[in-house]
Amino acid sequence: MKAHALVLALAVLAGCASGTIPAGTQVPAERLAAAVVPGATTKAELLARFGQTKAVVFDSGYEAWVYQSPAGAGRFAEFVILIDPAGVVAKTRQRPPSSPAAP
């Protein structure tokens, strides 16, 4: 049940990842996919390589971070990272770019 709540929270966070983007949150998708390894990459390594980004901290100690990757035409893909209470990446999920909003 706890895993379902985390997956739901990641989905909500990914859906809310629009608006003003903090510095350091836009990273090429290939770079993220190559550098972020569940069970090995640490929170400190993420900060050193990519900088701070949008994050949600849960009461359980888990954190969800979202980095965006430029996808052209003003669109961005999202790379969501779940960090466990020990500070190690537990899971990642990539979300393809959405269509730009109609004017």
Side-chain angles (χ1 to χ4, degrees):
M1 183 65 155
K2 193 178 212 180
H4 287 63
L6 289 173
V7 170
L8 178 61
L10 285 174
V12 169
L13 178 65
C16 295
S18 60
T20 305
I21 306 300
T25 62
Q26 294 182 8
V27 180
E30 307 80 38
R31 203 169 143 217
L32 284 162
V36 181
V37 179
T41 305
T42 66
K43 180 177 169 178
E45 291 171 328
L46 290 173
L47 286 170
R49 289 181 186 157
F50 308 116
Q52 291 185 324
T53 189
K54 291 183 178 184
V56 173
V57 179
F58 301 97
D59 291 340
S60 63
Y62 280 86
E63 297 182 37
W65 291 15
V66 177
Y67 288 95
Q68 291 188 328
S69 300
R75 300 177 327 148
F76 294 89
E78 294 177 336
F79 195 89
V80 182
I81 303 169
L82 181 66
I83 302 168
D84 69 22
V88 178
V89 172
K91 269 186 177 180
T92 65
R93 180 173 83 68
Q94 293 184 48
R95 181 175 164 212
S98 57
S99 299

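Residues: numbered from 1 along the sequence shown.
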Just jot down the side-chain contact (heavy atoms from CB on, under 4.5 Å) partners of T92, sequence neighbours excluded, or say none.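 For T92, the residues satisfying side-chain contact (heavy atoms from CB on, under 4.5 Å) (neighbours in sequence not counted) are V36, P38, F79, I81, V89.
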Please list, chain by chain and in numerical order, all residues satisfying side-chain contact (heavy atoms from CB on, under 4.5 Å) with P85, sequence neighbours excluded.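 Applying side-chain contact (heavy atoms from CB on, under 4.5 Å) to P85 gives Y62.
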Under 4.5 Å between side-chain heavy atoms, counting indirect links through other Ile/Leu/Val/Met/Phe/Trp/Tyr residues: same cluster for L46 and V37 or not?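 Per the 4.5 Å side-chain linkage, L46 and V37 are not co-clustered.
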When you group the ILVMFWY residues by side-chain heavy-atom contacts below 4.5 Å and let the links chain together, are V57 and L82 in the same group?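 No; tracing contacts between hydrophobic side chains, which count when under 4.5 Å, never links both residues.
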Tell me, do T53 and V27 make a side-chain contact under 4.5 Å, heavy atoms counted?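 Of all side-chain heavy-atom pairs linking V27 with T53, none is under 4.5 Å.
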State, yes or no, whether a side-chain contact exists between S69 and F76 at a heavy-atom distance under 4.5 Å.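 They are not in side-chain contact.
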Among K54, R93, R95, salt bridge (Lys or Arg N to Asp or Glu O under 4.0 Å) partner for E78: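 Of the listed residues K54, R93, R95, the salt bridge (Lys or Arg N to Asp or Glu O under 4.0 Å) partner of E78 is R95.
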CZ of F50 to CD of Q26: how many Å apart, nearest 0.5 Å?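 Output value for this atom pair is 14.0 Å.
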For R31 against R49, the heavy-atom pair lying closest together: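 That would be NH2-O, 3.0 Å.
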How far apart are the closest heavy atoms of A77 and A71, and which atoms are they?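 Closest approach of A77 to A71, heavy atoms only: N-CB, 4.2 Å.
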